[in-house]
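Following: one structure in structure tokens, then a few remarks.
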Amino acid sequence: MSNGASPLRAVVIACVAIAGLIPADMFLARLERSEGKAEAEAVFRQAAQLSEAGRRQEAIDHYRHAFALDRSNRDCQLALAEALRKSGDLDEAEAQLTALLELDSANGSANLEMARLQMARGRSSDAEFYYHLAIYGRWPGDASGRRRQVRLELADLLAKARRPDLLAELLPLENDTGLTRFARIQIGHYLLQAGSPSRAATLFRALCAEDPADPDAHAGLAEAEFQRGNYAAAQVAYLAAGRLRGRDPTYVEKARIAGEMVALDPTLRRLSAADRTARSKRLLERTLERVRSCGTPPDNLLTPAEETLRKRAPAAEAADRYLNAAEALWGYAKSACPAREPDLLTLLFARLQ
Amino acid sequence: MLSTIQTWLRDLRDREARITIILSVVIGALVGLVTVAFLLLTGRLASHLYPPTLDQDGLAPWRRLSLPVAGSLAGGFLLYRYFPSARGSGIPQTKFALFIDEGFISLKTVAGKFLCCTLSLSSGLALGREGPSVQIGAGIASALARHLGLSRKAVKALVPVGAAAALAAAFNTPIAAVLFTLEEIIGDLNAPLLGSVVVSAATSWIVLHLFLGDDPIFHVPAYRLVHPVEFGIYAVLGVIGGLVSVVFVKMLLGIRLAFRRLPPSTLWLQPVAGGLLVGLLGWHVPEVLGVGYEYVDRVVNGDVVLPAVLLLLMLKLIATAGCYSSGNAGGVFGPSLFFGAMAGGAVGSVAHSLFPAYTATAGAYALVGMGATFAGIIRVPFTSVIMIFELTRDYSVIVPLMIANLVSYFLASQLQHLQIYEALALQDGIHLATKEAREAALEGSVRDAMRSGVAPLAAATTAGDAPSSDLALMPVVDDAGLAGLVARERIEQARADGCADQLVSTLMHGDPPRVFPDETPVAALQKMGSSGYNVLPVVSRANVKQLIGVVTLHDILERYGLPKESL
């Protein structure tokens, strides 16, 4: 035992020290947390300002600093990842997002950012996966609005990639009344791209009813009706769109094509037999013109068609004969001299088939 | 009531070996609380002196120049006038206390270390907080043990307990703290203090977590080995880590020697040279200020710009060597991680740009570089591996770390023979036992000294039939194995008394003390001393009845170079 030792005093001093240090440490820890958060928020605001000013690298440095000051600030980590992605540092951006998602896999914003990052990497299937996680993820505030936006972004991605599963993403949006008019018009066009002109027509028709002065809604409706084969309705809608756009030549031209389709289409309902025969004959003549313009078509193709035109056929059979001859010629024409863009004949024969 | 407590304390003192564990918990808690206060106070002060909301352009350069100078001036004066023992890192001082001063570290030194390091570290000097924490923790343990009236042996035993507790809290690495204490402070991984050290480190770590939560110092993304060719690059990183370690240690020792040659009257002013150096460097490159964990974090996360990390490595080497050598209070633990991260980041950056398909990003190399440089400077390769693992919690770096650490450790040992703390002690005129010396002292076992070809006597042999032997005590075996030892004298006495038909088993001492072949000769000597036998049977650990040989007092002494004739 050491001389002069006072065990009791030592124990008392140790207890007092522990009892004094606990509140001191608690105070310091609380101060550290509150000051750290305040400092982090201030730096974060600076970073956001720098980002808005286009000073990307400085913004990244500030985001990093803010995140180092407050590791619990997920918004800051997300903003850092976004800034890194925009600056092209995809590796670090992915590392940050992976870390963030490990802690909070249902974070809608983080999943959306990860989806965008995967898109930037060219990994569309991974991006689609994260878009879905974002849609079904957790969002603060207006969750349904954010989910709607994400789904729209995903639809845009699928549309650009011409993916067949586009329609599946559009169906939940089709009747969503929370969407902006612009978004609904966009959805209508995506529906057309997804091969659902009837749904698109319904949507555009509703939009036209809501605002009859909107040329985009009329143009969309025209496209939808045209795809459905309702050329008359398409012509009306094109004309309306053109009128609202100050006689936009594009719509005027489209209205003319729709009008020609109406005039030429032998399959339209409620046509008289004579009218059907006349339309079929006109179709054969125009097809023959197209084939002749292709260079030197084989005689065994031209002669029967010319014969059909020359000979008189019984009224009941005439329309079918003309149509059969026209289809035989079209089979040659579409491979020998295909049109650069779908023209009247292409559309008509597609409809006939 | 008071008398009951006093009686209880007296009883406890009498059984001090048993109360070590209780004291370890108390020391762990107390040291943990003090270390947390130290970390928080230093951090808050630094944060107010260098507000993070001001960007680097907005932070006036005068602040970066004047604060380190002011901090070193204030610290230097306090160190010179009041706390001379609080100078430097704290780890060599803890070792002096342990091996030379019977574990004595004064409370005044603890207070001085706390105060001076708070001043110097928060003012931006390029030094670490871990070494000082070790001295503070060891000092608290020493003071508490002394005031409890424990024996000098117990006081000495509790110094590493306090050191481990401090390191566990300061670095948030409880396992590495235990290993560091055993590997570096005590110098023996098999030290009997293991239990107490573990308990105190764990308690302190719990205290840290209670106040600061479970947040690692560095936040590292998951890295993986991309291709086996990377092992070669990690070995190259080990070489570079070793070279950086040697450059740093030699530079630090060289500058320190130059300072030591200055007149003693300038001692109070010398730390200002370090402060001024850091201030001037910080004026141009603010990242040089402080220990720089934020930049380490950035680099291990892959934010590596080759020219920048090379510049930072070079400047930080100079800054830390200057600050430490000039006598400021602060350690080299943290800065050594900074050097490693920068060196690793540079190697990784080059490797990744040359072989992008075969290498991980620079961050992974920065991580391994931290361990390599730490192993090269502090010379604790095992601790280094575990420490980096604990700091980052990333298992995938273990094998690359082991490769780089061993290469760095080997190279640094070859180019700079003395480890940094031993070399610093030597400059102070203190000859601490080197690691090699300590290991040599522990070398050897009973196996090296024992006789393995000794034929034991059968228990059923009569005294008349017993063969002669030069051993004073002969082992006796029965069907089960070793039965006892019989003195040659007693056999000869039985013969002389005409009792030659007396069985050896009736003459022998049953249940004799034994030693195991892997026990140290010192342990065998202790057993000889306590039993009074100069011959001991050597038995198997798997079966204590299985006789392997015998060891005699002469055999052990001969092993230490004392020939039989001289005994």
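Model, not experiment: these values are computed from the prediction. Each chain gets a letter, A, B and so on, in the order its sequence line appears, and its residues count up from 1.
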How many angstroms lie between atom OG of B/Ser47 and atom CD of A/Glu35, to the nearest 0.5 angstrom?
6.0 Å
Under 4.5 Å to a heavy atom of chain B? For A/Arg33 that would be side chain
Atom group of B/Val34 that falls short of 4.5 Å from chain A, counting heavy atoms:
both
In terms of heavy-atom contacts, B/Leu40 and A/Ala29 come closest through CD1-N, 3.5 Å
Check the surroundings of atom CZ in A/Arg123: do more than 12 heavy atoms from other residues, nucleotides or ligands lie under 6.0 Å from it?
yes
Which one, A/Leu21, A/Ile13, A/Ile22, leads in non-hydrogen pairs under 4.5 Å with chain B?
A/Leu21
Please determine if A/Glu39 and B/Arg44 form a salt bridge, counting it only when a charged side-chain N lies under 4.0 Å from a carboxylate O.
yes
B/Arg298 CZ to A/Ile60 CD1 distance, which is reported to the nearest 0.5 Å:
10.0 Å
Which distance, rounded to the nearest 0.5 Å, do you find between the CG of B/Leu41 and the CD of A/Glu32?
10.5 Å
Structural part of A/Ala68 lying under 4.5 Å from a heavy atom of chain B:
side chain
So which residue, A/Arg71, A/Glu92, A/Glu41, A/Gln96, ends up with the most heavy-atom pairs under 4.5 Å with chain B?
A/Arg71
Need one label for A/Asp25: side chain, backbone, both or neither, based on atoms under 4.5 Å from any heavy atom in chain B.
both
Please round to the nearest 0.5 Å and tell me the distance separating atom CG of B/Leu30 and atom CD1 of A/Ile18.
5.0 Å
OH on B/Tyr295 to CZ on A/Arg64, rounded to 0.5 Å:
11.5 Å
Surrounding OH of B/Tyr293 (heavy atoms of other residues, nucleotides or ligands, distance under 6.0 Å), is the total greater than 12?
yes
